[in-house]
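Computed from a predicted structure; not experimentally measured. Quick note on labels: first sequence line is chain A, next is B, and so on, each numbered from 1. Heavy-atom basis, side chains included; hydrogens, waters and symmetry copies ignored.
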Protein chains: 2
Amino acid sequence: MSVIVEKYGGTSVGSIERIQSVSRNVAEKVKLGNKPVVVVSAMSGETNRLVELAKSMTTRPSAREMDTLLSTGEQVTIALLSFALQDLGVSAQSFTGFQVPIVTDSAHGRARITKIDVEAINAALETGKVAVVAGFQGISPTNKITTLGRGGSDTTAVALAVALKADECRIYTDVDGVYTADPRVVEEATRIPKITYEEMLEMSGSGAKVMQIRAVEFASKYEMPLRVLSSFEPDEGTLITKEEDVMEQPMISGITSIDGEAKVTVRGVPDRPGIAYSILGPISDAHINVDMIVQNVSTDDTTDLTFTINQEDLQPALDLLAPVVRELDAETVVGDSNLAKISVIGVGMRSHAGIATTMFKALAEKGINIQIISTSEIKISVTIDREYRELAVRTLHNAFRLEERGRKG
Amino acid sequence: MSVIVEKYGGTSVGSIERIQSVSRNVAEKVKLGNKPVVVVSAMSGETNRLVELAKSMTTRPSAREMDTLLSTGEQVTIALLSFALQDLGVSAQSFTGFQVPIVTDSAHGRARITKIDVEAINAALETGKVAVVAGFQGISPTNKITTLGRGGSDTTAVALAVALKADECRIYTDVDGVYTADPRVVEEATRIPKITYEEMLEMSGSGAKVMQIRAVEFASKYEMPLRVLSSFEPDEGTLITKEEDVMEQPMISGITSIDGEAKVTVRGVPDRPGIAYSILGPISDAHINVDMIVQNVSTDDTTDLTFTINQEDLQPALDLLAPVVRELDAETVVGDSNLAKISVIGVGMRSHAGIATTMFKALAEKGINIQIISTSEIKISVTIDREYRELAVRTLHNAFRLEERGRKG
């Protein structure tokens, strides 16, 4: 009998009917002889309702009490799912964060898991019970209720799977896996049966919304196989695993795109050591995350420095840099939020030359101008004019023949 | 600086505005140099909402998961009240049942408090924080979330007051104290400034709805002064305390009435030892609570046995007794749910003769027929035809001149 950890997100438990549907899914696993540990989120809409209640009380809710408030959302779901399972004749026991316990640090709203004691869950499993665990929440060493922040329930599931030495951690969501590109943009996009942790991380970081980076990092660290699948039409989904387990690795796994970024260019900077620091230091001090950075080699005695940041940080960044430009005796600073970033991702890049050439050639043939290029070992990203976003994704999907990549695992 | 424990019920925290009003009330106490510990219920309507969710999931919800579900109601309130206090610049810290901890036995849905560790609350109070505690909930020795059942939050407040050695436990509710009679029935009813635990217990047990018996028993056991007052128009309310502290004790404190009872009479029972047991044994075995019992002295060789039970138990009781009547060779068994019970309560009865006479005379003068009489040391109860209920209460209130009893404490 193997322990499997399954996580159902807010949409999957968004109504009485959906919770009942989840309970039938779990009951099926029990019938097959498995020992399911089920991690659930708050019913969709519930977290927003609680946040609104808090906002109506104060404009600056304390992070600590916010965690006490928000953690009730998952607590309601674990009780309801346990009822649904019991109604099917399946014995179940619910666990809040403190009951597991899932010990975290004290960073309210973005706590990190430090320790999971699985004794109580194992005791429940040994007596034939399904363990129903509240995702997203934990307990600090000083007995405070904490929450894990965005993607927290996924992280709970992976951490539990690691602690329980489960065979696999299954993330049930409202899509049936990871695709070679966004199916709303590329009609021929296919589901990827297997993908490596690294590729998934690069995809999540560059626009794919299926998985939160944090849970994938956690799974990667402990080599816990992670499967993303639909709770509405259960199928094989996409298995995220270590590189050795992904046979017949295609060169490119997927194309992602994102358009929430903006570009800042400081022109005509006198070319001397330390200018990158002078410009990027104040940006970093203001907690503005910088994504891509390019410094053009100067033709005369000046250089241009360009970097990308989140769109909402554009105005603050321009304001910060105005005095810096004067100090450095640079020419000017300009911003542009009219851009999209397109990324081509695949571990196969390591062993195959010419990926960049294929990419640049395909975009050039469609008249798409590349602004900035940045590369990692398994990713090439370019920024382009935003209006070409969809065309660029389709063009690259076609250029790398990804419609042939998706196969059943 | 004195520790005061205040409890606010569901109506008192029933909306954002009311929680804000409670926070202003608490902030005022802080300004006066007190250290408030505030116990709150779920917002009115919230518990029903959760119960409906459970019912839509299963017809037989497990008591354990029900407690996990219901306890979220108070958890939401403690976070919201903490926000409201913080918004007023008052430092506050919330406590769920397990965070205090309030240790209970494992009887889900009707758990009893076995131990309260006040270390964490005292630590919060010492750093100048208001402690905001979830009522109604606790934690079992095996780490299960429990709830205390009806009147649970009042019990939490009293138990906390005892554990913290508070000067007084204040129960804020939607009425401004305990009255000599229900003011909706008797216009001249006055608020009782002070009343003994025993009188309050008898009043609660015979129709007064202000306080749950359990919390009063708890307060009585530990001699914790209990004050009932309105959260909407704060005033002196009613102080429930030990007999020595109630000066100028009037003979009668109040008149109560209740009409949810029914009467069962077994007629023509052969008069021999053990017949009361033969009749009441099966009733007790069926977990039907019996209130008053009267056995008429027989004129011939037979006797009549009459007892009262809850109205909803009438039909089951009659069904149970049908075969018993045949076995005992009794005449018949009849039921009557058309009755009301009227009680006259006061510790002064112990030292004053003639209370019963005054009571029976007053009722007779209005043509009200008395069916059953039962007495305790500080209470006389009678059952009458239900249509005379209000008239009987007004008549007795007048006969004992209770409109003169209420004075400011």
Engaged part of A/Gln93 at the chain B interface, taking heavy atoms whose separation is under 4.5 Å: both

Quick one: what part of A/Ala92 sits under 4.5 Å from any heavy atom of chain B, side chain, backbone, both or neither? backbone

Compare all side-chain heavy atoms of [X] with those of [Y] and state whether any distance is below 4.5 angstrom.
X       : Y        : value
B/Tyr8  : B/Val26  : yes
A/Val30 : A/Val130 : yes
A/Lys29 : A/Arg170 : yes

Could you grab the distance from atom [atom1] of [X] to atom [atom2] of [Y], nearest 0.5 Å is fine?
X        : Y        : atom1 : atom2 : result
A/Asn25  : A/Ser23  : CG    : OG    : 9.0 Å
A/Thr127 : A/Asn122 : OG1   : CG    : 10.5 Å
B/Met211 : B/Ile171 : CE    : CD1   : 4.5 Å

Shortest non-hydrogen pair, A/Val90 vs A/Ala27, comes out as CG2-CB, 3.8 Å

Of all the heavy-atom pairs spanning A/Ser41 and A/Lys7, show the shortest one and how long it is. OG-CE, 3.7 Å

If you check every heavy atom in residues 49-87 of chain A against those of chain B, which residues fall under 4.5 Å? A/Arg49, A/Leu50, A/Leu53, A/Ala54, A/Ser56, A/Met57, A/Thr58, A/Thr59, A/Arg60, A/Pro61, A/Ser62, A/Arg64, A/Glu65, A/Met66, A/Thr68, A/Leu69, A/Ser71, A/Thr72, A/Gln75, A/Val76, A/Ile78, A/Ala79, A/Leu80, A/Ser82, A/Phe83, A/Ala84, A/Gln86, A/Asp87

Do any of residues 141-161 of chain A have a heavy atom less than 4.5 Å from a heavy atom of chain B, and if so, which, in residue order? A/Asn143, A/Lys144, A/Ile145

When you measure from the side chain of B/Asn34 to the backbone N and O of B/Pro36, does any donor-acceptor pair fall under 3.5 Å? no

Counterpart residues, side chain to side chain contact (heavy atoms under 4.5 Å, CB included), relative to B/Phe232 (two or more places apart): B/Thr11, B/Arg18, B/Asp174, B/Ser230

By side chain to side chain contact (heavy atoms under 4.5 Å, CB included), A/Arg24 pairs with (sequence neighbours left out) A/Gln20, A/Ser21, A/Leu88

Using heavy-atom distances under 4.5 Å, tell me whether B/Phe95 contacts chain A through its side chain, its backbone, both, or neither. neither

